[in-house]
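Report on the following structure.
Keep in mind it's a predicted model, so treat the numbers as computed, not measured. Throughout, protein chains are lettered first and strands after them, A, B, ... in sequence-line order, and every chain is numbered starting at 1.
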Amino acid sequence: MSDQVRTRFAPSPTGYLHIGGARTALFNYLLARRLGGTFIIRVEDTDQTRNIAGAEDKLLDDMRWLGLDWDEGPRVGGDFGPYHQSQRLQRYQAAARQLLDAGRAYYAFDTREELDELRTAAEKAGGSFYYPRPDRFPSEADAERARAEGRPVVLRFLYPDEDITVRDEILGDVTVPRSEVDDFVILKADGFPTYHFAVVVDDEDMRITHVLRGQEHLINTPKHIALQRALGYRTPAFAHLPVILAAGGSKMSKREKDKTVRDAVRDAVAAGTLDEARVLELSGVADAEQLKRWRKKKIQLDADGLERLAAALQLDLPEIDIHDFRRSGYLPEVILNYIALLGWSPADGRERMTLAEMAGQFDLSRVGKTNARFDRDKLLSFNTDTVNADPERALAGLKDYLAVNPASPLQGVDEATLRTLLEINAGYRTYRDIEHKCAALFVEDEALAWDDKAVEKVLRKGDKAGVTQLAAVRPALADLADWSPEGLETALKQYAEQNGVGFGKVAQPLRVALTGSMISPPIFHTLSLLGKETCLRRVDAVVARET
RNA sequence: GCCCCCAUCGUCUAGAGGCCUAGGACACUGGCUUUUCAUGCCAGCGACAGGGGUUCGAAUCCCCUUGGGGGUGCCA
């Protein structure tokens, strides 16, 4: 069938899969699945200065983790490859030759400096830069000469003298005036194609029928249409997706992480909990001068530096990349479900859907036009429900969480205990929550984090009532043989009753003494998991210290 | 500056001229459950940006204003 639907997701290997990229990938996936078509991944690695080693693998791993399987592309191959633009250079050169021969493209030799100058001048004059098309196009010999002289040689497209209308499946007809587009570069000086050119050639070669991408590409689309016409290609259907914005209304970007850390560092240094030298060491920047620049928002820290600082400050970084959400303890199907709703609403009005259910009813006509803000609370809510609904799924998810969080205190905990943890934490929101809540059960006594407010309120307040209570209940615990949650419950409730104290008066001091905080799993499980010996040791230590 | 896109509760959205005294979800507030934190259950609060038209009738159509977003690269 020649009208087989073919969609593609075309990321650049510059980092992890971004949440916005994931949404674009998802919609392309859903459209292909819904229409019984083919979903393709193509790697757009034409900017040699921006490619990051290892990024492609991470990106594809994130796609796999999400469950967005592709039918053609890297790792799986296909009949329309290669699927890396860097391996398709001959194709672009051939297409460029075709345009050159047809008089639809011409050589240009301007240097960066010359172009910058023209741009600045145009800006000063209050207008947009517009490449001045020469009266006579340089010849092949001129190009040779320029090359010999060491000038950059690029190829520019002769943009047609007409307004071009994009028929967008979501936005409707959008006309971009001819005056807004100039003779843009299609082949760079290094012989690589520009994005605009590569996209057009590849989409044709790969028989792409539907191009779904972010709205930031809308203005570029006339360039692609003009190119397609000049080359005699088909023009696929276009659909420009609304942008996903951060809660504050700006674009979701790594900058948010930077800001979070910068603010926290400032506060910590002011409070004296973190010193300058340590900041410099953790940040990973070369010297104090660079650190100063970072403080002034002139530069951004790299991911590792941000991670180290966040860890030192016990700070949770805002999630931006899919990998961030994975590390924070969200389930992939939840993320997909949530981001699908950012811009799309199913006809049946349901909100909770599996990938297959979404694919069963995805429809471009139900994709909205307005930008959507990312709401972590709603994502959290979805995750809470999903993770608490299916114990087996939750266990697998927890194992995955541990696989990407090597420093987790839960590392090395056996499966039976993990199951118990899941059970006694029923109602948890993310795996990170379980980790926070249960860390005290798996760290050494010396490593316990003491919450001053908890100690004050539960142990010291009222003439050390809590400490007194601890000392009083201690013998009962020491005498107890059955250290199971049930045995503990029987014994402790009996103790409370016999001594005429509210159960909370017994449980809370124990909680703080054993975990250093007012937040923990149910008290009987906390005791049981910790083991009798550890419990008595921690109680004794607190009683000794606070008396 | 110029060009393009957008505009319903705090947020995501339903709504395609009368079905809307505008529905749902999340958040928020109050109550209940509870040994902590969560979860759960119940109830409540809460929007058609403003102004002009068109029409018997407008959240829905048109125009203007305002606001938001995007673009203006040999980045994608």
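Because its NZ or CZ atom is not both nearer than 6.0 Å to the ring centre of A:Tyr159 and within 45° of the ring axis, A:Arg178 does not count as a cation-pi partner of that residue. A cation-pi contact, defined as under 6.0 Å to the ring centre and within 45° of the axis, links A:Arg119 to A:Phe129.
Using N1 to N3 plus N6-O4 or O6-N4 for Watson-Crick, or N1-O2 and O6-N3 for G-U wobble, each under 3.5 Å, B:A58 pairs with nothing.
Between B:A7 and B:G50, the distance separating the two C1' atoms is 12 Å to the nearest Å. Comparing the P positions of B:C20 and B:G1 gives a spacing of 44 Å, expressed to the nearest Å. Atom C1' of B:A25 sits at a distance of 16 Å from the matching atom of B:C45, rounded to the whole Å. Remark: the separation of the P atoms in B:C41 and B:C26 is 9 Å, to the nearest Å.
Atom-to-atom, CG of A:Leu341 to P of B:U13 comes out at 8 Å; the value is rounded to the nearest Å. Atom CG in A:Asp375 sits about 8 Å away from atom P in B:A27, given to the nearest Å. Taking atom CD1 of residue A:Ile434 and atom P of nucleotide B:U39, one finds them 14 Å apart after rounding to whole Å. The interatomic distance linking A:Asp173 (CG) with B:C5 (P) rounds to 10 Å, in whole Å.
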In B/S/- notation (B base, S sugar-phosphate only, - none; protein heavy atoms under 4.0 Å), nucleotides 70-76 of chain B written 5' to 3' is BSBSBSB
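At distances below 3.5 Å, not a single donor-acceptor pair connects side-chain atoms of A:Asn337 with backbone N or O atoms of A:Glu333.
As judged by a 4.0 angstrom heavy-atom cut-off over every strand, A:Pro242 is placed among residues making no nucleic acid contact. Contacts of A:Phe524 with the nucleic acid, taken as non-hydrogen atoms under 4.0 Å apart, include base atoms. In this structure, A:Gly502 reaches neither bases nor backbone, as no heavy-atom distance under 4.0 Å exists between it and the strands shown. Contacts of A:Arg373 with the nucleic acid, taken as non-hydrogen atoms under 4.0 Å apart, involve only primed sugar atoms and P, OP1 or OP2.
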For A:Tyr195 and A:Ile186, what are the C-alpha separation, side-chain angles and deciding distance, and is it a side chain to side chain contact (heavy atoms under 4.5 Å, CB included)?
CA-CA 8 Å; A:Tyr195 162 73; A:Ile186 54 174; over 6 Å; no
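With sequence neighbours left out, A:Ser520 forms a side-chain contact (heavy atoms from CB on, under 4.5 Å) with A:Arg511, A:Thr515, A:Thr526.
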Look for any protein N or O under 3.5 Å of an N or O in nucleotides 40-47 of chain B and output each such pair with its distance, or none.
from  : atom 1 : to       : atom 2 : distance (Å)
B:G40 : OP1    : A:Asp385 : OD1    : 3.4

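Between A:Phe503 and A:Phe382, the residue anchored closer to the 5' end of RNA chain B is A:Phe382, taking for each the nucleotide with the nearest heavy atom. Heavy-atom nearest nucleotides on RNA chain B were determined for A:Gly349 and for A:Gln508, and the one closer to the 5' end corresponds to A:Gly349.
Residue A:Lys378 places its side chain closer to B:C26 than to any other of B:A14, B:C37, B:C26. Taking only side-chain atoms of A:Asp377, from C-beta outward, the nucleotide of B:A27, B:U36, B:A25 with the closest atom is B:A27. Side-chain proximity of A:Met518 to the nucleotides B:C12, B:U36, B:A27 is greatest for B:U36.
You'll find the ring centres of A:His240 and A:His217 outside the 6.0 Å limit. The ring of A:Phe362 has its center closer than 6.0 angstrom to the ring center of A:Phe27.
Between B:C6 and A:Lys369, a contact under 4.0 Å exists linking OP1 or OP2 to a side-chain N or O.
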